[in-house]
There are 2 protein chains.
Amino acid sequence: MDEKVAERHSPLNQRIRADIELNILSGKWPPGFRIPFERELMDIYGCSRMTVHNALSRLVESGLIERRRRLGSFVAYPGTHATVLKLPDVKAEIVSSQKSYGYELLTLNRRVANKDDSTRLGEATRTTVIAITCRHLADGVPFAFEDRLINVASVPEASIVDFTTTPPSSWLLMHIPWTESDHRISCIDADADQARILGLPEGTACLVIERRTKRNGQIMSQVRQIFDGRKHSLQGTYALSNI
Amino acid sequence: MDEKVAERHSPLNQRIRADIELNILSGKWPPGFRIPFERELMDIYGCSRMTVHNALSRLVESGLIERRRRLGSFVAYPGTHATVLKLPDVKAEIVSSQKSYGYELLTLNRRVANKDDSTRLGEATRTTVIAITCRHLADGVPFAFEDRLINVASVPEASIVDFTTTPPSSWLLMHIPWTESDHRISCIDADADQARILGLPEGTACLVIERRTKRNGQIMSQVRQIFDGRKHSLQGTYALSNI
DNA sequence: AAGTGGTCTAGACCACGAC
DNA sequence: TCGTGGTCTAGACCACTTC
């Protein structure tokens, strides 16, 4: 086998991973190619099986190889492109781009979930929700329009928060961290309201990010954020393992 | 510590991972919380340090915890939401939704990269490129407009492919697998050409996916795909470790 | 100096699945 | 049946960083 031996002084298991990645990404080992057995790699690198096994296991996690007992390890067939998108908190995003952050609460209602609310939360039960619409500004210019529902049953503390000064996204991130979430990214033509709030001509293409956050399977919040499509885009890289 | 002991009959290292995940996602262990030392977890689970260490290492990879020598392991502070988006091949996406797939080559040029081409490829060198525009149809209805550049220096085989019948995305996926890629997702108002090709009113909000694929750091191809924003959206879930 | 995590070893037994 | 990967052990030494 080819030992390109990346990064001479890094730990052995990382070198093994990097070597195999290189062979796959360079096209030398095509999809379906059987890579050496663990016991062969032990001899090649002069190390124990545990070291080899850990390296290969992480390649499985990253989706680069598949392993089958008795048959060996094979370069996987990539069916799709995938990308990891980071969707930062709007406030953090504005601040980190050296602009001043502004926040305006537009509406706040506390109500029993209506039909639309239940659809957004993905729950049939008639819970109480806090419905918030607000606007984020960067250097005084409208940056994003946010429309959020908070499930009061799941996040009772939200009842006593003063959302006239605290952006709900930032508060939730600080107080209800590490939730599971699913996202939907789409685009729309701004309607009259949205255009007015974002200071755009009606019909401008806008980027929409919707997110539902859950904890223990229970939905805590749903949010729809709308951005000026001419100024905002999302970028992601697909890096394999981060050696 | 709390042993919620998920999945009784799964391997021990996965149970350890799942237990710690549960404590973090449920909010019981907030960001900054110091989780038990490896040697404590050995006692708690009655296993060797290697088993504990492997479990914790994978939690580091998933971004859920951070570890510092001498101090211990801590629940990480989530700065951003992240999502894994799958961006399937357009043909595969249409076929899997039970619709008939159609493909039309619109233009094909082979030329020395001009200024715009070089920008798109992110390379200053004046290489030869194949520039393709084409249209994907689902059940005969325009589905996506694709504008692609292929770097001939990196993908010489592309010179002899008949792109009048073969969609370039599908060919590249089959023949140049396992490239690295980066993506950009944005939206635009369809201009006259785009509207005509997609069969939409001019000015309709459209979703745009741009992708550059590399191999060994060398750019192989750049593509811009445009979809009807009213019908197309991207969805992603953030699953932590896949236990 | 002391204690944490980082890495590795040389074994072991088991589970699965092709044959 | 038998060879592969899956899991685990009971050690070991090292690197780093705070004390």
Side-chain angles (χ1 to χ4, degrees), chain A residues 1 3 5-21 24 29 32-77 241-243, chain B residues 1 3 5-21 24 29 32-77 241-243:
Chain A
M1 95 164 251
E3 295 179 60
V5 189
E7 325 233 354
R8 221 3 120 176
H9 295 293
S10 57
L12 186 50
N13 81 72
Q14 289 186 18
R15 272 189 18 220
I16 296 174
R17 255 198 285 177
D19 287 351
I20 294 172
E21 264 181 20
I24 295 174
W29 291 356
F33 180 90
R34 208 212 77 220
I35 74 177
F37 298 122
E38 290 189 350
R39 287 153 175 91
E40 292 175 334
L41 290 167
M42 287 171 61
D43 292 339
I44 291 168
Y45 287 95
C47 64
S48 72
R49 191 162 83 89
M50 197 60 176
T51 303
V52 168
H53 181 79
N54 272 328
L56 293 179
S57 296
R58 305 197 173 212
L59 288 173
V60 170
E61 281 191 350
S62 75
L64 208 54
I65 68 171
E66 289 170 3
R67 318 194 68 193
R68 297 170 63 188
R69 286 173 153 103
R70 171 95 194 197
L71 294 183
S73 306
F74 301 84
V75 178
Y77 288 86
S241 69
N242 21 0
I243 292 181
Chain B
M1 90 167 257
E3 296 177 59
V5 189
E7 326 233 354
R8 213 18 113 171
H9 295 294
S10 57
L12 186 51
N13 81 73
Q14 289 186 20
R15 279 199 1 232
I16 297 174
R17 256 198 285 176
D19 287 351
I20 293 172
E21 265 181 19
I24 295 174
W29 290 355
F33 181 89
R34 206 211 78 224
I35 75 177
F37 298 122
E38 290 189 351
R39 286 152 176 93
E40 292 174 335
L41 290 167
M42 287 171 60
D43 293 339
I44 291 168
Y45 287 96
C47 64
S48 72
R49 192 162 82 91
M50 198 58 177
T51 303
V52 168
H53 181 78
N54 271 330
L56 295 179
S57 296
R58 304 196 175 215
L59 288 173
V60 170
E61 282 190 350
S62 75
L64 209 53
I65 68 170
E66 289 170 2
R67 318 193 67 193
R68 296 172 61 189
R69 285 174 153 103
R70 170 93 196 201
L71 294 183
S73 306
F74 302 85
V75 178
Y77 288 86
S241 71
N242 22 0
I243 292 181

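All values derive from a computational prediction rather than experimental measurement.
- Atom CZ in A:Arg34 sits about 15 Å away from atom C1' in C:dA18, given to the nearest Å.
- Regarding contacts with the backbone of C:dT7, a side-chain N or O of A:Gln14 is found under 4.0 angstrom from either OP1 or OP2.
- Of the two residues near DNA chain C, A:Arg70 and A:Met50, the one whose nearest nucleotide lies more 5' is A:Met50.
- Between B:Glu38 atom CD and C:dC8 atom P the separation is 15 Å, expressed in whole Å.
- Across all strands shown, B:Arg39 has heavy atoms under 4.0 Å from base atoms, whether or not it also approaches the sugar-phosphate.
- Atom CG of B:Leu12 is separated from atom C1' of D:dC8 by 9 Å (rounded to the nearest Å).
- Atom CZ of A:Arg49 and atom C1' of D:dT9 are 13 Å apart (whole Å).
- For the OP1/OP2 pair of C:dG5 and a distance below 4.0 Å, the side-chain nitrogens and oxygens of B:Ser73 include at least one atom meeting the criterion.
- If you check every strand for non-hydrogen atoms under 4.0 Å, B:Ser57 touches nothing.
- Annotation: side chain of A:Leu56 is in contact with side chain of A:Ile35 (closest heavy-atom distance under 4.5 Å).
- The side chain of A:Thr51 contributes no N or O atom lying less than 4.0 Å from OP1 or OP2 of C:dT7.
- A:Glu40 places a side-chain N or O within donor-acceptor distance of the main-chain N or O of A:Phe37, the cut-off being under 3.5 Å.
- Closest approach of B:Val52 to B:Met42, counting heavy atoms only: CG2-N, 3.8 Å.
- Whole-Å rounding puts the A:Glu40 CD to D:dG3 P distance at 14 Å.
- The phosphate of C:dG6 has OP1 or OP2 within less than 4.0 Å of a side-chain N or O from B:His53.
- B:Arg17 and B:Ala55 make their closest contact through CG-O, 3.4 Å (heavy atoms, listed as atom of the first residue, atom of the second, distance).
- Here C:dT9 presents its P atom at 9 Å from CE of A:Met42, a figure rounded to the nearest Å.
- A:Arg58 places its CZ atom 15 Å from the C1' atom of D:dG6, with the value rounded to the nearest Å.
- Picking from D:dT7, D:dA15, D:dT9 the nucleotide with the shortest atom distance to the side chain of B:Arg69 gives D:dA15.
- Nucleotide C:dC19 holds its C1' atom 10 Å from the CG atom of A:Leu71, rounded to whole Å.
- Looking only at side-chain heavy atoms (C-beta outward), B:Ile16 and B:Cys47 come within less than 4.5 Å of each other.
- For A:Arg67, the side-chain atoms get nearest to D:dG6 when compared with the rest of D:dG6, C:dT4, C:dT9.
- Taking side-chain N and O atoms only, B:Asn54 has no distance below 4.0 Å to OP1 or OP2 of D:dT7.
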